[in-house]
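The block underneath contains the structure these notes are about, expressed in structure tokens.
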Amino acid sequence: MPHDSLTRITQWLAAHAPRILHESLNPGATDEQLEELEAAVGKPLPDDYKALYRWHNGLNEEAENWGSLFYGMSLLPLAEVLDAYLYQAPQTLTSPLLQAAPTLKSAVMQNPYWLRLGFDGSHSWLLLDLDPAETGSYGQVLYVYELDEIGFRVASSVTELLRTFAHDLEHDLYTLDEGAADDGNEFLVPAAPIDPGNYNQPGRWQHALSHTA
């Protein structure tokens with residue numbers, strides 16, 4: 001379970017980005033909210049995913065400080081996750097990914113069982129995969145970039161995502177966006193080598209599309 005990582009993340013935010021911790025993040029989700037999503041999806045939600053949302057139920061885009069978390073992306077509240085699933089589930093007109101790592105199914109880019117987790121406000125998503133390929137793992141975390149129509153795994157589980165995030169925070173691989181800071185706001189920006197958007201450049205993800213990441 002990811003409780004140690006969540007404690008480390010909380011401590012780092014309290015010291016370096018308190019507005020994200022105290023203003024941007026929503027209170028934790030209730031069991032009822034998690035059960036509603038689980039019932040709608042019809043698949044079990046991983047325990048570490050539930051622990052993440054019991055910690056905080058996403059980021060509040062209406063907050064005075066609009067912050068970010070994993071790889072500079074938002075953490076979507078459960079209500080948005082549920083709405084997106086209900087919209088996607090009945091869709092029949094879909095398209096495949098042009099290129100995908102072997103740990104995920106590439107036939108449908110809008111797979112409803114890829115629950116939305118993070119968003120950069122443009123074309124990049126973090127997704128919780130409840131429908132992995134045979135070489136993948138249930139509850140793995142995917143990165144999908146819509147413009148290039150590519151996808152790969154960034155973590156084998158939410159636990160790994162949180163452990164990596166805590167490590168990267170503690171090793172100065174995130175900074176506060178300078179423009180936002182000038183306005184008194186706190187918005188996390190990942191260093192270029194760890195940003196999954198730089199998958200075609202030297203760094204953590206340069207081989208992500210060709211192996212099991």
| query | Is the shortest heavy-atom distance from the side chain of W114 to the side chain of L128 under 4.5 Å? | reply | no
| So do L97 and I150 actually touch side chain to side chain, heavy atoms under 4.5 Å? | no
| Is L59 reachable from W66 through a run of I, L, V, M, F, W or Y residues, each pair having side-chain heavy atoms under 4.5 Å apart? | no
| request: With sequence neighbours left out, write down each residue that passes side chain to side chain contact (heavy atoms under 4.5 Å, CB included) with Q88, or none if nothing qualifies. | output: Q110, P112, R116
| message | Show me the pairs that pass salt bridge (charged side-chain N to carboxylate O under 4.0 Å, His left out) and involve residues 80-103, at least two apart or across chains. | response | none
| T7 side-chain N/O to H3 backbone N/O, donor-acceptor pair under 3.5 Å | yes
| task | Would you check if the side chain of N26 reaches a backbone N or O of N57 as a donor-acceptor pair within less than 3.5 Å? | result | yes
| field | Contact list for residues 88-97, test salt bridge (charged side-chain N to carboxylate O under 4.0 Å, His left out), sequence neighbours left out | value | none
| said: For residues 29-52, which residue pairs pass the ring pair (Phe, Tyr, Trp, His ring centres under 6.0 Å) check, not counting sequence neighbours? | reply: Y49-Y53
| query | Would a hydrophobic clustering, with Ile, Leu, Val, Met, Phe, Trp and Tyr connected at side-chain separations under 4.5 Å, put L127 with L147? | reply | yes
| task | For residues L188 and L176, determine if any side-chain heavy atom of one lies less than 4.5 Å from a side-chain heavy atom of the other. | result | yes
| request: Determine which pairs satisfy salt bridge (charged side-chain N to carboxylate O under 4.0 Å, His left out) with at least one residue from residues 172-201, sequence neighbours left out, and list them in order. | output: none
| field | Non-neighbouring partners of E35 that pass side chain to side chain contact (heavy atoms under 4.5 Å, CB included), sequence neighbours left out | value | D31
| said: According to ring-ring contact (aromatic ring centres under 6.0 Å, His included), who are the partners of F187, at least two apart in sequence or on a separate chain? | reply: none
| field | E170: partners by side chain to side chain donor-acceptor pair (under 3.5 Å), with sequence neighbours left out | value | R8
| task | Determine whether N198 and W205 make a side-chain contact, defined as any pair of heavy atoms from C-beta on separated by less than 4.5 Å. | result | no
| Heavy-atom donor-acceptor pair, H167 side chain to R163 backbone, under 3.5 Å | no
| said: Check for me, please, whether L75 and Y85 land in the same ILVMFWY cluster - side-chain distances under 4.5 Å, paths through other members count. | reply: yes
| field | Contacts of W55 that satisfy ring-ring contact (aromatic ring centres under 6.0 Å, His included) - sequence neighbours left out | value | none
| query | In the single-linkage hydrophobic clustering (I, L, V, M, F, W, Y; side-chain heavy atoms under 4.5 Å), do Y145 and F70 co-cluster? | reply | yes
| query | Can we call the ring centroids of Y143 and W125 under 6.0 Å apart? | reply | no
| task | Evaluate the ring planes of Y174 and Y71, with Trp represented by its six-membered ring, and classify them as parallel (under 30°), tilted (30 to 60°) or perpendicular (over 60°). | result | tilted
| message | For a 4.5 angstrom cut-off between non-hydrogen side-chain atoms, does S156 reach S137? | response | yes
| said: Going by side chain to side chain contact (heavy atoms under 4.5 Å, CB included), name the residues that satisfy it together with Y138, two or more places apart in sequence or in a different chain. | reply: K43, P44, P46, L130, P132
| message | Using side-chain heavy atoms (C-beta onward) and a distance below 4.5 Å, is D47 in contact with T159? | response | no
| salt bridge (charged side-chain N to carboxylate O under 4.0 Å, His left out) partners of residues 125-151, not counting sequence neighbours, each pair once | K105-D131
| field | Side-chain hydrophobic cluster, 4.5 Å single linkage: members besides Y87 | value | none
